Amino acid sequence: GGESRLAQNRKRLRRGMYLLPSLFTTANMAFGYFAISHAMQGSVADPWHFDFAARAIGFAIVFDMFDGRIARMTGTSSDFGRELDSLADTITFGIAPAFLAFAWGVRAVLPVPDTPLTNHLAAAGWLVTFLFVICSAARLARFNIQSSPGPNRPEHKHFVGLPTPASAGLVAAIVHFNGGTPISDMLWVPFWLVLLMATAILMVSTWRYHSFKHLDFRKQHKFAVVILMATIGGIIVFWSQTVLLVIATSYVLSGVIAKLLQSVRRGRIESPAQQRKTRDSRSEAH
């Protein structure tokens, strides 16, 4: 009787462990829904709604970082969990930041009554933010395919394309840096839309970004990691507006800078061969 009871308890514990990553994913989805609802309520008169939406996306990024790591640490990864996580990310890191970007950087800025210029800017805002949603969904679909076992799976240390949490984090960090207060001049709206379009394109690009998945905090330097995490957390609490914007911008630019450096290196490697070809073609002409 005792052994059978112990086996049943282990089975229940195992089932509970499978639910744990999904609970984090559900929390991620809840924060996304919260962000959408507050982005819809935000205005120049009530900018705190925009800041609440940005904060919700930030908390969702934290939960998204933990659900996959917990699943790997507990050995409870499953196809259901991966699909649920992808759908949650589409809401939280695709639709929610697109709503926030339009409501904060377009709708709240354009003056009333409507003019032909404001109507064109509003239409452009809808198109660009919808492109953001499409690119985030495509990025997640490609990630699901590349994460499945197979010979074409990319290296573990890098993501192919800007991750959707990073793109959503950039939008949220910019809004939070301004305390939720929308752009004051509608002349900034085109620049905001160009930034959103560039971020969307980076998501579906093949440029590589560090995944940091190769870092194993369980192996060594545990105390140092705890101190480092506590320090970063304290800095974010006291100077969240500046620090989060610096982190988000630095990560987005890291892939761009890495690609530019790679192009420069390739140019230097290929230049001697090109010079030889040029000399050979000139000698043949003579």
Side-chain angles (χ1 to χ4, degrees), residues 24-25 27-70 88-89 91-106 108-109 129 132 136 162-184 188 191-192 195-196 198-199 202-203 209-212 215 217 224-256:
F24 275 80
T25 303
N28 170 8
M29 205 182 306
F31 278 116
Y33 181 78
F34 181 87
I36 293 171
S37 64
H38 275 277
M40 293 173 66
Q41 298 175 66
S43 64
V44 176
D46 295 310
W48 61 272
H49 282 293
F50 293 134
D51 195 38
F52 269 35
R55 289 169 184 257
I57 291 173
F59 281 113
I61 292 172
V62 175
F63 276 89
D64 183 67
M65 289 169 58
F66 280 108
D67 61 358
R69 188 172 289 274
I70 288 173
D89 288 353
I91 296 171
T92 308
F93 305 132
I95 298 173
F99 259 90
L100 178 59
F102 180 82
W104 178 81
V106 181
V109 182
T129 51
F132 188 96
S136 64
L162 179 67
T164 53
S167 61
L170 179 63
V171 173
I174 292 172
V175 175
H176 181 57
F177 179 78
N178 289 277
T181 304
I183 302 170
S184 58
W188 285 103
F191 294 98
W192 176 238
L195 176 63
L196 291 174
T199 308
L202 283 175
M203 281 192 282
Y209 284 83
H210 279 285
S211 66
F212 303 107
L215 298 177
F217 300 137
V225 169
V226 171
I227 296 297
L228 177 63
M229 297 299 288
T231 303
I232 294 174
I235 292 172
I236 290 175
V237 167
F238 288 106
W239 298 284
S240 63
Q241 291 175 299
T242 303
V243 173
L244 290 176
L245 181 62
V246 169
I247 292 173
T249 306
S250 300
Y251 186 77
V252 172
L253 291 178
S254 67
V256 178

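In what follows, residues are counted from 1 in the order of the sequence shown. All values reported here derive from a predicted model rather than from experimental measurement.
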What's the separation between atom [atom1] in [X] and atom [atom2] in [Y], rounded to the nearest 0.5 Å?
X	Y	atom1	atom2	result
Phe93	Phe31	CZ	CZ	10.5 Å
Asp51	Leu100	CG	CG	9.5 Å
Thr199	Leu202	OG1	CG	6.5 Å
Ile95	Ser136	CD1	OG	7.5 Å
Ile247	Thr242	CD1	OG1	11.0 Å
Tyr209	Leu253	OH	CG	7.5 Å

Only counting residues at least two apart or in another chain, list the ones meeting side chain to side chain donor-acceptor pair (under 3.5 Å) with Ser240.
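His176.
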
Ignoring hydrogens, what is the shortest heavy-atom contact between [X] and [Y]? Give both atom names and the distance.
X	Y	answer
Ala56	Phe34	CB-CD2, 3.5 Å
Asn28	Ala60	OD1-CB, 3.6 Å
Ala101	Leu196	CB-CD1, 3.6 Å
Pro97	Thr92	CD-O, 3.1 Å
Ala248	Ala173	CB-CB, 4.0 Å

Pairs of donor and acceptor atoms involving the side chains of residues 165-172, under 3.5 Å and at least two apart or interchain, shall be tabulated with distances.
residue, atom, partner, partner atom, Å
Ser167, OG, Thr164, O, 2.8

Parallel, tilted or perpendicular: which fits the ring planes of Trp48 and Phe52, with parallel below 30° and perpendicular above 60°?
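Rings of Trp48 and Phe52: perpendicular, over 60°.
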
Parallel, tilted or perpendicular, judged at 30° and 60°: which one describes the rings of Phe63 and Phe24?
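Answer is tilted, since the angle falls between 30° and 60°.
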
So, the side chain of Trp104 versus the backbone of Pro47: is there a donor-acceptor pair under 3.5 Å, distance only?
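Checked: no pair found.
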
Do the side chains of [Y] and [X] get nearer than 4.5 Å, heavy atoms only?
X	Y	answer
Tyr251	Pro163	yes
Ile232	Val243	no
Pro182	Phe50	yes
Gln241	Leu245	no
Trp192	Ile183	yes

Would you please name every residue forming a ring pair (Phe, Tyr, Trp, His ring centres under 6.0 Å) with Phe99, sequence neighbours left out?
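Expected list: none.
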
